[in-house]
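Accompanying notes for the structure given below.
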Amino acid sequence: MKLYPDELENTDGTSVQLTTGESETVSSTDSWSSIYDIISSLEKYKTEEVLFYAVEILGQEMGSKNVAIYNVANREYARLYSSTSLEARRLGNSIKYIELGELYNDLKAGRIYVNETNEPNRPALAHAIYAENDIRVILMFWDVSSEKHGVSPVKRLTVIETLLQNTLLHASRYMSNFRRKNYMEGTNVLKEDTFRVLLKAFLEAKEKGLTDCALVEFQMGYRDYKSISIQVACKIRLTDYMGVLSGGKFYILLANTDIESAKIVQERFKSLGFRTELKDVQYKEL
């Protein structure tokens with residue numbers, strides 16, 4: 001049986017009515033106190049931090065230790081943005097989500113995907129957040145608690161998604177437009193103050209185990225950051241960030257990249273004639 005969550009109904013202020021084939025009323029005390037907790041938890045974060053810490057909040061609310069958030073890059077691929085564990089990254093950093101079979105079919109239809117057959121390479125639950133008619137964010141839960149708040153996981157996720165969808169969409173759009181709004185004129189390189197803020201957010205999330213990233217410093221020689229950026233742009237992904245620090249030194253932040261993968265990227269830069277170094281920077285130093 002596939003589950004089809006209906007709209008959240010809360011106009012009377014006394015209960016939240018959700019259906020997945022049958023009616024169930026969630027007590028207002030539990031639901032509304034949880035609503036307050038969820039919203040309050042995310043309000044303290046800056047926009048560039050929301051998609052990192054939302055994954056923690058989702059895990060707490062769903063009783064899940066293995067949660068992942070994927071940001072959709074286009075109509076076929078989604079890129080891992082944050083996760084709470086290695087288990088939650090099982091599908092990898094980049095997924096062609098249109099090839100995920102029944103999971104994609106459910107997301108496309110606006111349904112919560114339920115792994116009813118316990119397939120090992122599929123999450124227990126997955127849900128998509130839409131903007132207009134396009135999937136923008138994919139939430140994956142590799143384990144869930146059926147006892148959390150006394151509400152079934154599907155109904156719990158329906159409530160949570162309803163509460164957080166605008167916040168998550170705003171954060172997703174903000175990060176998609178981050179470069180364009182913060183480039184130095186005539187380049188695709190981030191301004192120093194902006195790059196520093198972004199780098200700090202990534203490094204702090206990395207320290208808390210919510211993402212992975214690597215910072216590459218270029219030995220510039222006679223080149224300036226503009227000419228370097230033009231040459232190396234073809235060797236990085238759309239989810240990586242170029243920027244300057246320390247008065248003009250050129251860096252690239254490789255998002256969701258561990259050290260071994262970063263070394264492979266360094267070899268690409270070397271093939272272009274650049275010498276680079278992986279920097280071990282702590283967010284508190286920025």
Side-chain angles (χ1 to χ4, degrees), residues 48 51-52 68 70-83 86 89-99 175-207 209-283 285-286:
E48 64 270 13
L51 290 178
F52 289 131
Y70 283 83
N71 222 358
V72 172
N74 52 47
R75 293 179 184 273
E76 294 187 356
Y77 286 90
R79 185 76 184 170
L80 181 67
Y81 198 94
S82 60
S83 59
L86 287 174
R89 302 168 200 163
R90 188 186 298 185
L91 292 182
N93 288 337
S94 183
I95 57 172
K96 193 171 185 179
Y97 64 92
I98 65 170
E99 294 184 350
M175 295 310 300
S176 296
N177 295 323
F178 192 86
R179 294 175 181 79
R180 180 175 55 82
K181 292 184 176 181
N182 295 287
Y183 282 153
M184 289 188 284
E185 187 174 355
T187 76
N188 53 359
V189 179
L190 291 173
K191 302 171 186 176
E192 180 166 350
D193 56 345
T194 304
F195 187 62
R196 190 180 301 276
V197 168
L198 181 70
L199 179 59
K200 184 175 181 179
F202 267 85
L203 292 177
E204 186 170 4
K206 177 183 178 180
E207 184 174 296
L210 302 177
T211 191
D212 213 342
C213 64
L215 182 64
V216 181
E217 179 183 343
F218 281 69
Q219 295 186 16
M220 299 175 67
Y222 63 87
R223 301 179 178 95
D224 60 20
Y225 62 79
K226 185 174 182 179
S227 63
I228 297 175
S229 68
I230 292 172
Q231 289 181 267
V232 302
C234 62
K235 300 295 184 181
I236 63 175
R237 305 157 303 184
L238 293 175
T239 51
D240 299 325
Y241 298 87
M242 296 186 285
V244 293
L245 294 172
S246 305
K249 290 183 179 180
F250 182 78
Y251 294 83
I252 294 180
L253 172 63
L254 302 174
N256 271 299
T257 304
D258 59 24
I259 295 300
E260 292 306 312
S261 297
K263 290 178 180 177
I264 295 173
V265 180
Q266 279 187 290
E267 289 299 314
R268 298 177 194 163
F269 299 148
K270 186 177 180 180
S271 70
L272 296 176
F274 293 105
R275 296 179 63 184
T276 62
E277 179 183 354
L278 291 177
K279 303 296 291 185
D280 183 16
V281 180
Q282 304 299 313
Y283 76 92
E285 299 173 9
L286 296 170

Just jot down the side-chain hydrogen bond (donor to acceptor under 3.5 Å, both in side chains) partners of [X], sequence neighbours excluded, or say none.
| X | value |
| --- | --- |
| Thr239 | none |
| Asp212 | none |
| Asp258 | Ser261 |

Mind checking salt bridge (charged side-chain N to carboxylate O under 4.0 Å, His left out) for [X] and listing every partner two or more places apart, or none if nothing turns up?
| X | result |
| --- | --- |
| Lys263 | Glu260 |
| Asp240 | Arg237 |
| Glu267 | none |
| Arg75 | Asp134 |

Item to check | Parallel, tilted or perpendicular: rings of Tyr81 and Phe52 (30°, 60°) | outcome: tilted
Checklist entry - Is the shortest heavy-atom distance from the side chain of Lys249 to the side chain of Val244 under 4.5 Å? => result no
Checklist entry - Which residues satisfy the side chain to side chain contact (heavy atoms under 4.5 Å, CB included) test with Ala78, sequence neighbours excluded? => result Tyr70, Val72, Ile95, Tyr97, Ile138
Next on the checklist: Run the side chain to side chain contact (heavy atoms under 4.5 Å, CB included) test against Glu277 and tell me which residues pass, sequence neighbours left out.
Outcome noted: Lys279
Checklist entry - Can you pull the ring pair (Phe, Tyr, Trp, His ring centres under 6.0 Å) pairs that have at least one residue in residues 253-278, sequence neighbours excluded? => result Phe218-Phe269, Phe218-Phe274
Next on the checklist: Suppose we screen for ring pair (Phe, Tyr, Trp, His ring centres under 6.0 Å). Which residues come up paired with Phe195, at least two apart in sequence or across chains?
Outcome noted: none
Checklist entry - So which pairs with a foot in residues 182-192 pass salt bridge (charged side-chain N to carboxylate O under 4.0 Å, His left out), sequence neighbours left out? => result Glu192-Arg196
